[in-house]
Structure formats: C-alpha cells, structure tokens
Amino acid sequence: DAFGLPAENAAIQRGVHPRDWTFGNIKVMKEQFRRWGILYDWSKEIASCTPEYYRWNQWLFLRMLERGLAYRKQAPVNWCPSCQTVLANEQVVEGACERCGTAVVQRDLEQWFFRITDYAERLLAGLDALPGWPEKVKTMQRNWIGRSEGAEIDFAVPALGERVTVFTTRPDTLHGATFLVLAPEHPLAARLIAGHPRQAEIEAWIARVRNSPRIEREEEGSAKEGRDTGRTAINPATGEEIPIWLANYVLPDYGSGAIMAVPAHDGRDLAFARQEGLPVRLVYHPDAPDAGAGELDPATLTEPILHTGVIRDSPPLDGLRDGPEAVRRAIAWCEAGGFGRGKVVYRLRDWLISRQRYWGTPIPVLYCERCGVVPVPDDQLPVELPYDVEFTGREGNPLARVASFVEATCPRCGGAARRETDTMDTFVDSSWYYLRFLSPRDAARIFDGAVANRWAPVDQYIGGIEHAILHLLYARFICRVLHDFGLVAFEEPFANLFNQGMITRYSELSGRVEKMSKSRGNTLSPDALIDEMGADTERVYTLFIGPPEKEAEWSDEAVTGAYRFLGRVWRMAEKLADAPAIAPADAELERDRHAAIQRVTHSMETFHFNTAVAALMELGNSLSRALEEKTASRLRCEEAFDTLLQLLHPMAPHVTEELWERRGHVETLLDTSWPEYDEAKLRRARISLVVQIDGKLRDRVEVDAAAADKEVRAAALASAKVQEHLAGKEIAKAVVVPGRLINLVTRRSA
RNA sequence: GCGAAAGUGGCGGAACUGGUAUACGCGCUAGACUUAGGAUCUAGUCCCGAGAAAUCGGGUUGGGGGUUCGAGUCCCCCCUUUCGCACCA
C-alpha cells in the first residue's frame, strides 16, 4: 500500500514527508524489480496515494453513505494522554505508549464504519463456492464471521419498567438461569445502579473496565470482575426474581451485550457464580449417574454439565435429551410465550475505517452547523491531502491543524463548515485496486465495468497468509457492494488463492532463524547478490529452495547450487559443436527431453517450481553426460539444449535469452511458444521391472513394455536370484502391476 | 482449551490416483587438472552387519497398532512442532 502508518512514522522520526518517502520507496522497488527481470506492464501502474486513485475511494464511500453502508458512531480508540494522540494497536506495548511509555487509555470518538455485518451471511455462504481457495483460509474466515444460532430472550426489570434482552445459544437451559450479567457498557447500566448505596464506587469501576484495552480484557485467564446492581429481573420460565450483575467478561458488542447466566451448564458462569456466591440450578441431569452418585448437588458442582443428560426441572421440556432438538423446542416455547425468538448473531463487527492520521484518503464529508453531516458533492472530488503539514507525533492528527484544509464552505447552505479530518483505513484502497488495474487511467469512473467483467475475477491471486482474514474479507465485501451497485457481474474477486510462505534467514542478533527483517538484522541485499551471482541465480535458487507455500530458510551456501547449474548450462553451449554427427543413444536423450517437458510443464502448472528446477537439472545432467561421452548426435544435443533453454527461460530469463541468441535463433525466446511433449516419445520398448517376493524387492528383470502377465511371470522366474529366494517356498499368487512390478506371494511348502 | 496443517538422510527437500523410499541440490569424502583455488570435472555418500572387492543379508519415512499381495501415502491411538482463534454467551 502506498498509504499507511510506516510512511507517517518515517515522517515523524526522520522528518521526511510521507509522500516523498513513499515515492522514493516505489522508485527503489521498481528498480529492484527491473534488476530481478520481473516483467510487469508498467502502463497499468497505479499508486493508491495519488488523487487520481483515492478520489475513487471517496466516490465509493459516498455511494456507500447514500445507501446506509457507511455510518458514524462512537467507538473507542487507544489514546495516549501524554502525546495527545491516537495509537494503533501495534503502537501499544504492554498497555503503554510505544514512544513515551505513558499508560494508554480508551477514549470514545465518533468514527466512520462500513456496514460489513449486513453482508455476513453472504460472505459466509460465498466461501462454499470457492473451490480454488485453501481450506485453511476459508476456515479462518468462517471463524472470524462466527455465525451462532440461538435465541433472544427478554427478561423484565419491574423496578425500571424496562426489559433486558439477552442472546443465548442454549435457550433450553433458561430454567437454570439464576442471574443476568450485563456488559458494564450496557445502555441500561447507569439506570440500574442509580441510587445504589455504592453507586460512585461502581461508576468508577465501570470507567476502569471501559478504559482497559480490549486486548487485555479478552486475554485468557484475566480475572472476572463484577458488581451487583442490586436490581432484579424476572426469569420468564420460572417467574423467579434473579439478580442483575455487571461484569467485564460480558462484551458490549457481541449478541446484545447481556447474557443469562446458567452456571450449572456453562464454565464461565459457574466460575463467576462460585466467586460471587451466586445460586446454581441444574436443568440437565446425567441420565445414568454412577452407582452411589445419586442426585447431583448443584451446591457442590465444580464442573459444568456440558452436552450430556436429560432435562428434568424445566416442565415444558422435561425428558428431552441435550441436543439440537431441545434447542428447537425451547425456541418454539419462548416464541409461544412471547418472551423470546430465534436469532442468529455474528462475531464479525462492522469495519472501522476511520484513522486519525494524515497519510490516507480523506473521508469526503463536511460538518456544517446548520446542515449537520454533509457529503462532499461528486464534482468536488477529490478532496486532496494538503502537502504542507507538520509532523510531531503529538496532539492528534496533523491534518486537523491545517486550517486551509479544515475550514470549508457548506455545499448546501454556503455557510462555514468544518471538513472531516479522519482518513480511511488503507484496506479500503486494497479492497478494489485489482479492478482499477484494468482501466487505470479512466478519469470518468472508478473503473470500466465492461472491461472488469471481461477480465475479472482475478484468476490467480497470490499473497501471504497474514491477509487471510482482513484484506481478503474486505475485498470480498466490497466486491459484493460493487455487484449490488451494478458495477460488476460477479461477487467473488479472486477465483484462486495461493498463500506463499515467507523467506526466513539465520539472524546473528538472535541466533535464530527468523522472518527476514531489518530489525532482526537478517536481511539479504538483493543488489549485492545480483552483483555477485546474477539475477538468474537468485531467481532459480528462490524457486528451488522448497515448495512455495511453505516458509523457506535462505541458505547462503545452497545458492551456489543454482549458480553452478547455470554455469554448466552456459558451458554446455560451447560443447554442442563437438557432438558427433551420428551416435548410438539418440533415442535416450530424446526421451529425456520429452520427459523434462512433461515434468516441468506439470510442475509449473501446480506451482511446484522446486521440482521443475530439479527436472531441468536432470535434463542438464543427461545432456552433459551425452556431450561428455559423445553418445548423442549433434542434432539431438542441440534440440535438447534448445528445449532446456525454453523450459528454463521463465526462471532464468537473462542467461537463456543470451544463449538462445548465440545459438543463432532470430526470434527471441520470449516470443517462442512453450514446448510440447509427445506421449509416444516417453515410452520405452523394453523396461526394467521390479520383482518382489512377499513384497520385498529381490531383483529387476528386463521385459518388453507390452509383455503379458504370463511373460512377466516367466521372466521373473527365470532370474537366479528369484529362484534362490523361492527355495522351499510355493507361489500362492502373483500380482502384476503393468509396467512396474511383479509381486510373488508365497506360502511355505509342506 | 478449540480448530487446522505438518513430522522422510548431516541439511533444503522428492515420491501423480497405495506399487523400486531418499529424485534434485547443499554439505561431506576421495581423486583429476592446477603455483593456488571458495573455479571446474570424475567417483562415492540413509543406517547396521559380512566381505579385499564386486556384492550379499537385514533395517529405516516421529512412536504404537490395523487394513492390504504391497503403506511415507489409507484407518485408529499416542508424541512433537508450526500456524490460526480464543471470556463469542
């Protein structure tokens, strides 16, 4: 991404403007790509930090705003009271500001969101129609969306004339709900504790919980803390009054931010009930208690009863076994009673796109005292980022201090208005950029829909596993939004997804093998390596190092293997002229050539580049041997060599193109078509066949490739070694695998 | 804790649907050419035992069990590692 936090940090730390820093990086990277011999169509180049690109982020935002898919609400941010600025999670180290060490607090700000939760069901269902995606990524997305089926149940709070709605996946345990727990952030919390003898203490506690970073609050083993509101609610199943508590283990933005606690059948509720001395009631009873165990005593229960037993103390459901049927019946019963209904909730939360930073797409809205929130009209796009900005890392967003940016005119009433200074999350840029590549200079629209429908979805998308959830989910979401706007005909942006592994290298600093990074001191300068051994060596070695989906350890020693291989290919060219006109082993070399085409083609298609390189090395070895021993004719050797160059070309374009020209070809290698192999040429007339006795390899015999089972058996039995091993045994049966082996199964003779 | 993936020589790794385990490369050993070589070429290199040698016998894909004529590959149990998620009601 051309936008992003690192650019802004560079500005703060080194005084370089984010724009200059970014374009400097782009320049360096393009030069590296060029040296590597990586071919891109640079006429399609885009940079998301240019107004030509980000104006369409703004356009997209406005369309989403019109349809209610973009909205504003209060949401907490990490706030450093000393720097007076918002921090990203990665800038918070153990609860403190990474720069000044001050304890970070949570602070509510009005922020912009995209309503991705509206698309939760479609995003989930769409995963089933993505056979080209790794199962692992799909599982991660499913868990992230986190669909849960259950019920909403209303609990009346007579003292307030209100009701609390809880979400539960286990409405069948309603009879066992002995108290309610609300998130401290719950809207009713303030009214519930109003007038409580220790109201002030509870309010202070609520403030503390709200202030603790969410990461900390969700940490495993962090203590459950709660306060009794002193109020009660009515359990609609039993008519009983049950206490209402507030506790930090209930999260405000999942379900309804309130739960019914069923300590007998939930571990967290049981732990909390024991801690606070709250009652426990069993609904499910183990149906075959161990002899002597008799009735379970709720008072002594130490482990919740999970997924076992029969409902006993819940009259309408008595006798039901734990399971989906019990849940279904419970929901029907709640609905009939008018105090509950079936409900599906998602773990997925709306996408917070606001960033209180300079280096991003300005969110195109204005705040007018008279008209309120006013979208910037399309004809005033793009809202451009000003260049002259001061970066201090303190006192919030630098953009907010640029008067010429903030002070604006309301497009509706012409009065004074204040411009929004939040910028967009960079994931907005990357959620549709693949479409912009197809018509990058189109000044009239976000992209050309006809072109997009012809070329997209992307056939093969490649990226690291770190994007498994956020980027890929956002891109899938925005694709559906664009589809619903009628801009594209498809809903899934990437038909096939491949996750490449990272390159790791030994670090002198830590003494361990780690992901390459500057801070770990284990980076390898591609320039130095290219200077020493050439771009082709680096390319071939990188492909050869291992399967691309796995992480691979860079070995400075092993690179020489690739270097030597290319050197051998180079020297072979000079030996071609010495090959004889006529030679005995032409057929063999020809077969190796066709086998190499087959293997390399197949390996490349399945992304097994390491085995493709191995197959090329083998062809190189057999040609090299033929040249050394003069066993193949010059014509065959030249053919084999040319094929080798063609197959090697994608991996080592520089050396092969050079050698190709020296061979006297006029057309460049890049313009030749991929070689094809002939099945017939792969076959041998006579083959070496393995003879097994009781599954153990005993000998190899040479037979006709087309030999019948009977002949194979005769050939096997003719072997002296086989006869030796058969001594004293009788053949019970013979299994022949055509072209491969014969297995003689014996039994001891009497 | 839940979920997923993976364990093969000294090392990176290969083995398409069950059919010659260890391809290819690194490293190592010996030799050749060399004033020299971190250049190049040749031969060897999973482990154990026997043999002067060619070779022969046995074993081996984290451990144990199973299916099969035959298992690195399929099934069950266990161990280890990596990754993802995690108070989600």
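Sequence lines set the chain letters: A, B, ... in the order given, protein chains first and strands last, and positions in each chain run from 1.
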**Message:** Within 90° of 0 counts as syn, otherwise anti: where does G9(B) fall?
**Reply:** syn

**Item:** Closest listed nucleotide, where the reference is the side chain of Asn610(A) and the choices are U20(B), G12(B), A14(B)
**Value:** A14(B)

**Prompt:** Is the shortest side-chain N/O distance from His608(A) to OP1 or OP2 of G13(B) below 4.0 Å?
**Reply:** no

**Of Arg599(A) and Val735(A), the one whose closest RNA chain B nucleotide lies more 5'** = Arg599(A)

**Request:** Please determine, for the side chain of Met140(A), which listed nucleotide (A89(B), G84(B), C16(B)) has the closest atom?
**Result:** G84(B)

**Message:** Using the C1' atom as the point on both nucleotides, what is the distance between C77(B) and U67(B), in whole Å?
**Reply:** 15 Å

**Prompt:** How far does the C1' atom of U60(B) sit from the matching atom of U22(B), given to the nearest Å?
**Reply:** 10 Å

**Request:** Check whether any side-chain nitrogen or oxygen of Asn621(A) sits under 4.0 Å from OP1 or OP2 of A23(B), and answer yes or no.
**Result:** no

**Item:** Among A14(B), A23(B), G12(B), the nucleotide that comes nearest once only the side chain of Glu618(A) is considered
**Value:** A23(B)

**Asked** Under the 3.5 Å rule, do the base of C87(B) and the side chain of Lys224(A) count as making a donor-acceptor pair?
**Response** yes

**Message:** Measuring from the side chain of Thr139(A) (C-beta onward, heavy atoms only), which nucleotide among G13(B), G3(B), C69(B) has the closest atom?
**Reply:** G3(B)

**Message:** Please pick, from U20(B), A89(B), G25(B), the nucleotide with the shortest atom-to-atom distance to any side-chain atom of Gln692(A).
**Reply:** U20(B)

**Request:** Indicate whether OP1 or OP2 belonging to C69(B) is found under 4.0 Å from a side-chain N or O atom of Lys696(A).
**Result:** no

**Nearest listed nucleotide, side chain of Ala558(A), among C41(B), C26(B), A14(B)** = C26(B)

**Asked** Given the rule that a pair is Watson-Crick or G-U wobble with both distances under 3.5 Å, how would you write RNA chain B in dot-bracket, using | for pairs to a different strand?
**Response** (((((((..(((......[....)))((((((.......))))))(((((....)))))..(((((..]....))))))))))))....

**Asked** Which one, U40(B), G25(B), A89(B), comes nearest to the side chain of Arg571(A)?
**Response** U40(B)

**Prompt:** Reckon Lys136(A) has a side-chain N or O less than 4.0 Å from the OP1 or OP2 of A5(B)?
**Reply:** no

**Asked** Expressed as a whole number of Å, how far does the C1' atom of G27(B) sit from that of A86(B)?
**Response** 44 Å

**Message:** Would you say Arg564(A) places a side-chain N or O within less than 4.0 Å of OP1 or OP2 belonging to G25(B)?
**Reply:** no

**Request:** Please work out whether the ring planes of Trp351(A) and Tyr474(A) are parallel, tilted or perpendicular, with thresholds of 30° and 60°.
**Result:** parallel

**Request:** Give me the ring orientation class for His471(A) and Phe427(A): parallel if the planes are under 30° apart, tilted from 30 to 60°, perpendicular past 60°.
**Result:** parallel

**U8(B) and A23(B), which share atom name C1', separated by this distance in whole Å** = 13 Å

**Prompt:** Out of A89(B), A14(B), G25(B), which nucleotide sits closest to the side chain of Met617(A)?
**Reply:** G25(B)

**Asked** Do the ring planes of His175(A) and Trp333(A) sit parallel (below 30°), tilted (30 to 60°) or perpendicular (above 60°)?
**Response** parallel

**Asked** Within a reach of under 6.0 Å around CZ of Arg163(A), are more than 12 heavy atoms found that belong to other residues, nucleotides or ligands?
**Response** no

**Request:** Choose from C87(B), A15(B), U20(B) the nucleotide whose nearest atom is closest to any side-chain atom of Thr611(A).
**Result:** A15(B)

**Prompt:** Taking the side chain of Thr168(A) as its heavy atoms from C-beta onward, which of A89(B), G58(B), G27(B) lies nearest to it?
**Reply:** A89(B)

